[in-house]
Amino acid sequence: MPGAGISSEALLDKLGRPVRDLRISVTDRCNFRCVYCMPKEVFGPGYQFLKMKSLLSYEEMERLARIFAGLGVTKLRLTGGEPLVRRHIERLIRMLAGIPDLDLALTTNGSLLTDKAQPLADAGLKRITISLDSLDDDVFKAMNDAEFPVYKVLAGIDAAAAAGLDPIKINMVVKRGLNEASILPMARYFQGTGQVVRFIEYMDVGNANGWRMDDVVTSAEIVAMIDAELPLEPVEPNYPGEVANRWRYRDGSGEIGVISSVSQPFCGTCTRARLSSEGRLYTCLFATQGHDLRGYLRTGKTDEEVAEVIRGIWRQRADRYSEIRSSHTVGGLPKLPKVEMSHIGG
Ligand code: SAM
Ligand code: SF4
Ligand code: SF4
């Protein structure tokens with residue numbers, strides 16, 4: 001049983017939202033320096049990443065995953081930083097795959113997948129999301145700022161398919177002035193492959209990326225751009241509260257998704273909790289502070305005691321940052337220091 005022994009009375013936050021999804025950042029490190037996530041000016045050579053002993057061990061992550069499953073979590077996504085740079089990540093996958101009724105997923109930049117796809121699948125991973133922001137090498141390198149070429153990510157996607165990972169989703173963040181011209185080529189490349197590209201509005205996560213509203217290409221613009229060349233029609237969500245809005249090609253050759261976190265916030269159905277790699281619980285992607293769970297794990301608390309701490313935090317949750325974003329960013333109120341995306345994962 002997941003979270004055996006944990007009382008599963010309905011756990012709702014202040015806005016009536018249950019906890020259904022958990023995202024665990026397995027490391028704050030990454031081999032890319034995407035300009036919208038870990039810009040070199042902030043994450044350059046002097047940047048202090050977390051020390052190994054501060055990170056949750058795989059055993060601690062599994063324990064928390066089981067406790068969260070006992071509280072209602074049915075989906076678990078591993079992310080980062082870049083999750084595949086943490087050593088022996090397949091060991092963690094194997095441990096988590098043993099938790100019953102838990103849909104396990106992983107988001108990666110794809111750079112290490114040619115070697116890792118098969119071991120991940122063998123360990124029990126079923127599906128995967130791979131980020132790729134352009135098929136044009138110059139544009140992609142300008143975005144990852146690590147001289148990483150497109151062909152290696154495409155090879156990683158092929159390796160994931162060959163290993164039987166399914167579905168494969170492709171995440172593309174769109175930033176105005178950088179990669180709008182890559183939208184159509186991406187749609188065309190993946191049309192008919194069964195692999196679904198999800199175009200993501202550039203978000204104001206953290207403080208490092210210098211986000212401005214003008215940099216956002218809205219989902220409506222993206223859909224209009226694709227529809228003009230490759231006609232689209234809307235599709236019903238797979239389930240209530242699905243983050244991506246789905247569109248399919250009218251000729252039946254597949255579908256795309258758009259994630260409109262800025263232009264059409266979906267806080268009302270947000271059931272996501274995030275755990276940073278050193279074990280802090282964040283109840284919103286835009287939180288300014290997390291709650292230390294590692295301390296409870298390392299001081300001999302029982303699972304039920306840790307669960308009770310999490311219940312207390314979740315019951316106090318009233319986050320809906322994206323819905324009130326305009327008053328912070330457009331209305332000119334002082335910006336609060338938010339946690340960086342690479343710290344808690346997307
Ligand atoms: N390194 C992995 C990767 O890039 O897939 C996993 C972590 S990354 C933080 C998770 C997702 O967040 C990626 O798809 C990335 O493109 C997206 N992301 C990062 N910064 C973003 C931003 N400012 N706005 C929107 N999406 C962002
Ligand atoms: Fe690394 Fe992913 Fe952030 Fe890019 S988006 S810097 S790959 S963590
Ligand atoms: Fe959820 Fe916070 Fe994003 Fe709203 S802003 S959808 S509460 S993570």
Residues in salt bridge (charged side-chain N to carboxylate O under 4.0 Å, His left out) with [X], at least two apart?
X: K301; result: none
X: E340; result: none
X: R246; result: E255
X: R63; result: D303

Under a 4.0 Å threshold between the charged nitrogen and the carboxylate oxygen, would [Y] count as salt-bridged to [X]?
X: R294; Y: E60; answer: no
X: R33; Y: E147; answer: no
X: D103; Y: R127; answer: yes

Spacing of [X] atom [atom1] and [Y] atom [atom2] [to the nearest 0.5 Å]:
X: L135; Y: I183; atom1: CG; atom2: CD1; result: 12.0 Å
X: D204; Y: N209; atom1: CG; atom2: CG; result: 7.5 Å
X: C37; Y: M143; atom1: SG; atom2: CE; result: 11.0 Å
X: I157; Y: I130; atom1: CD1; atom2: CD1; result: 5.0 Å

What are the two closest non-hydrogen atoms of [X] and [Y], and how far apart are they?
X: V26; Y: I89; result: CG2-CD1, 3.9 Å
X: V150; Y: D137; result: N-OD1, 2.8 Å
X: L55; Y: R298; result: O-NH2, 3.1 Å
X: P119; Y: E90; result: O-CB, 3.9 Å
X: P39; Y: A208; result: CG-O, 3.4 Å
X: M61; Y: S25; result: CE-O, 4.1 Å

Who are the side-chain hydrogen bond (donor to acceptor under 3.5 Å, both in side chains) partners of [X], not counting sequence neighbours?
X: D215; answer: R212
X: T271; answer: D21
X: R317; answer: D13

Are [Y] and [X] connected into the same hydrophobic cluster when the rule is that any two of I, L, V, M, F, W, Y join if their side-chain heavy atoms are below 4.5 Å apart?
X: L178; Y: M213; answer: yes
X: V42; Y: L50; answer: no
X: F49; Y: V85; answer: no
X: V139; Y: M38; answer: no
X: M225; Y: V196; answer: no

**Q.** Hydrophobic cluster (4.5 angstrom, side-chain heavy atoms) - remaining members for Y151
**A.**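 Taking Ile, Leu, Val, Met, Phe, Trp and Tyr as members, Y151 stands alone, with no cluster partners.
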
Can you tell me if [X] uses its side chain to pair, donor with acceptor, with the backbone of [Y] under 3.5 Å?
X: R250; Y: L232; answer: yes
X: R280; Y: G290; answer: yes
X: E305; Y: T302; answer: yes
X: W247; Y: V235; answer: no
X: Q316; Y: K14; answer: no

(Q) So for atom CD, which belongs to E59, do other residues, nucleotides or ligands contribute more than 12 heavy atoms lying within a distance under 6.0 Å? (A) yes

**Q.** Atom CD of E236 with >12 non-hydrogen neighbours under 6.0 angstrom
**A.**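 Check fails, neighbour count at 12 or below.
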
**Q.** Qualifying ring pair (Phe, Tyr, Trp, His ring centres under 6.0 Å) pairs with a residue from residues 106-150, counting only residues at least two apart or across chains
**A.** F32-F148

Q | ring pair (Phe, Tyr, Trp, His ring centres under 6.0 Å): pairs with one or both residues in residues 260-307, sequence neighbours excluded | A | F286-Y321

Q: Dump the intermediate steps for salt bridge (charged side-chain N to carboxylate O under 4.0 Å, His left out) on E180 and K175, then the final yes or no.
A: CA-CA 7 Å; E180 303 105 300; K175 184 172 177 200; over 6 Å; no

Would you kindly say whether [X] and [Y] are connected by a side-chain donor-acceptor distance under 3.5 Å?
X: E278; Y: S54; value: no
X: S182; Y: D136; value: no
X: E201; Y: S219; value: yes
X: N31; Y: S111; value: yes

Do any side-chain atoms of residues 70-77 form donor-acceptor pairs under 3.5 angstrom with protein atoms, and if so which ones, sequence neighbours left out?
residue	atom	partner	partner atom	Å
K75	NZ	Y239	OH	2.9
R77	NH1	T107	OG1	2.9
R77	NH1	T129	OG1	3.2

Q: State which residues pass ring pair (Phe, Tyr, Trp, His ring centres under 6.0 Å) with F43; sequence neighbours excluded, sorted by chain then number.
A: Y47

